[in-house]
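One structure below.
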2 protein chains.
Amino acid sequence: MVEKKVDMKIENVVASTTIAKELDLSKLKKALPESEYEPEQFPGLVLRLDEPKTAALLFRSGKVVCTGAKTIKDVERAIKKVCDKVANAGFKVFKKPEITVQNIVASANLHAQLNLIAIAQAIGLEKIEYEPEQFPGLVYRLEEPKVVILLFGSGKLVCTGARKAEQVNEAIKKIIEELNAKRLL
Amino acid sequence: MVEKKVDMKIENVVASTTIAKELDLSKLKKALPESEYEPEQFPGLVLRLDEPKTAALLFRSGKVVCTGAKTIKDVERAIKKVCDKVANAGFKVFKKPEITVQNIVASANLHAQLNLIAIAQAIGLEKIEYEPEQFPGLVYRLEEPKVVILLFGSGKLVCTGARKAEQVNEAIKKIIEELNAKRLL
DNA sequence: CATATATTTATAAACCCCTTTATATATGTG
DNA sequence: CACATATATAAAGGGGTTTATAAATATATG
């Protein structure tokens with residue numbers, strides 16, 4: 001078996017952390033006019049950064065969710081910027097907030113057309129969901145690593161649910177091997 | 001058997017009484033702007049008090065239902081306030097309306113996790129209802145005292161249907177003894 | 001015409017779902 | 001071209017779910 005490098009690209013990293021003991025979001029909204037805060041619609045305040053291009057959700061509890069980053073490094077840079085903005089707005093924030101990556105979304109290309117109907121039949125309903133008139137992708141739930149792969153007829157795929165980049169590679173390798181074994185690729 | 005004091009808290013007392021021979025709710029609504037009266041939606045007029053924090057439902061017949069009180073004393077204070085407000089609005093009201101407690105809702109904590117599935121199996125369907133996907137609590141109907149206990153996996157419970165605080169204590173003691181006897185606690 | 005439900009109020013417990021953000025994929029509809 | 005459709009994920013509120021209980025109306029079945 002030839003072990004080729006998986007042609008994968010991380011598209012989105014979602015992470016959470018706690019930057020302060022608590023935050024007065026109404027006061028923060030006034031200090032940061034570029035932010036969005038509509039408590040009756042959603043309890044978090046939305047703060048978008050241009051660089052790294054991300055969106056942070058800040059909560060009354062001091063917890064923060066960062067989405068949109070393409071690397072872990074960018075998540076850290078984004079959260080650092082959020083902390084600085086909040087600190088400059090007159091709030092006390094933690095110096096080294098511990099960041100937890102909650103989800104990594106990646107895309108990849110198998111460089112071969114896929115017969116999704118054949119794949120759905122060969123692998124079975126326990127792990128697969130495929131309803132083309134509802135959504136063109138085939139949903140494949142892997143147990144180890146515990147991620148979800150969306151397979152498309154074009155051979156492109158999306159992997160979501162991973163917490164580490166390596167899990168994305170593992171998952172894609174598994175899919176490739178299974179498709180090869182069943183001569184579906 | 002060690003007779004420990006039950007860790008119980010009354011959360012709501014519902015009581016009814018008659019404060020006048022009859023009431024013109026439309027006139028009362030005008031005299032008490034803070035009240036709510038939408039006869040096509042519900043025949044009673046709703047009057048909320050801040051202290052004691054309660055809600056009273058007044059009917060054309062002069063009957064009144066008081067909800068939200070945490071003690072019998074507060075029910076009395078609330079109904080006294082309602083009578084005063086109605087009297088000040090120019091209505092004739094009874095001096096000493098006889099109050100009947102109709103329902104007492106209480107919460108308690110057994111301070112131990114509960115295996116609701118095991119409890120449901122051990123006690124049986126005649127007295128128990130447990131449909132976790134519909135509601136997380138197990139419904140236990142006691143015949144004496146005639147109350148209903150909602151048991152939760154956390155060990156916390158809700159007792160409703162009692163007319164006297166002592167019935168709440170009796171019911172909880174019975175539940176504890178039964179769970180102990182069946183080694184479910 | 002007689003029972004049933006529904007309406008409303010309060011209250012605890014603990015679950016569910018939804019709200020919002022980002023992101024690739026690829027279909028369909030307006 | 002802009003939306004849903006579908007996936008995962010955290011955050012915190014809101015809503016709904018269940019139980020009992022009175023009151024007085026309106027509908028609805030038997």
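So you know, we letter chains A, B, ... as the sequences are listed, proteins then strands, and number each from 1.
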Salt bridge present between A/Lys85 and A/Glu34 (N-O < 4.0 angstrom): yes
Under 4.0 Å protein heavy-atom contact, by nucleotide of nucleotides 1-11 of chain C - B base, S sugar-phosphate only: ------BBBBB
Spacing of B/Leu114 atom CG relative to C/dC15 atom P, expressed in whole Å: 12 Å
For B/Asp84, all residues meeting side-chain hydrogen bond (donor to acceptor under 3.5 Å, both in side chains), sequence neighbours excluded: B/Lys80
Check ion pair B/Arg77-B/Glu51 (N to O, under 4.0 angstrom): yes
Distance test, side-chain N/O of A/Arg163 to OP1/OP2 of D/dA8, below 4.0 Å: no
From OG (A/Ser107) to CD1 (A/Ile10), nearest 0.5 Å: 10.0 Å
Earlier contact from the 5' end, DNA chain C, for B/Glu133 and A/Gly155: B/Glu133
A/Ser154 side-chain N/O to C/dA26 phosphate OP1/OP2 under 4.0 Å: yes
A/Arg141 or B/Arg60, whichever maps to the more 5' nucleotide of DNA chain D: A/Arg141
A/Leu150 CG - C/dT27 P separation (whole Å): 13 Å
Short N-O contact, B/Glu11 and B/Lys9, less than 4.0 angstrom: yes
Set of residues satisfying side-chain hydrogen bond (donor to acceptor under 3.5 Å, both in side chains) with respect to B/Arg163, sequence neighbours excluded: B/Gln102
N or O in side chain of A/Ser61 less than 4.0 angstrom from D/dA12 OP1/OP2: yes
Whole-Å distance separating the CD1 atom of A/Ile10 from the P atom of C/dA22: 19 Å
Sugar-phosphate, base or nothing in reach of A/Thr100, heavy atoms under 4.0 Å: nothing
Sidechain N-carboxylate O distance under 4.0 Å for B/Lys174, B/Glu178: no
Whole-Å distance separating the CD1 atom of A/Ile128 from the C1' atom of D/dT7: 15 Å
Nonpolar side-chain network containing B/Phe135, other nodes, edges under 4.5 Å: B/Val105, B/Val139, B/Val148, B/Leu150, B/Phe152, B/Val158
Between C/dT21 (C1') and A/Leu49 (CG): distance, integer Å: 12 Å
Whole-Å distance separating the CG atom of A/Leu23 from the P atom of D/dA11: 15 Å
Co-members of A/Leu125 in a cluster of I, L, V, M, F, W and Y side chains, linked at under 4.5 Å: none
Nearest-neighbour nucleotide for the B/Val158 side chain, D/dT25, D/dA24, D/dT19 considered: D/dT19
Integer-rounded Å distance: C/dT19 C1' and A/Tyr37 OH: 14 Å
Which residue lies more 5' along DNA chain D, comparing A/Lys146 with B/Gly62 via nearest heavy atoms: A/Lys146
Side chain proximity check, B/Pro97 to B/Thr18, heavy atoms < 4.5 angstrom: no
Sugar-phosphate, base or nothing in reach of A/Val148, heavy atoms under 4.0 Å: sugar-phosphate
Inter-axis angle, terminal five-pair segments of the helix from C/dC1-D/dG30 to C/dA24-D/dT7 [nearest 10°]: 100°
Between D/dA22 (P) and B/Leu47 (CG): distance, integer Å: 22 Å
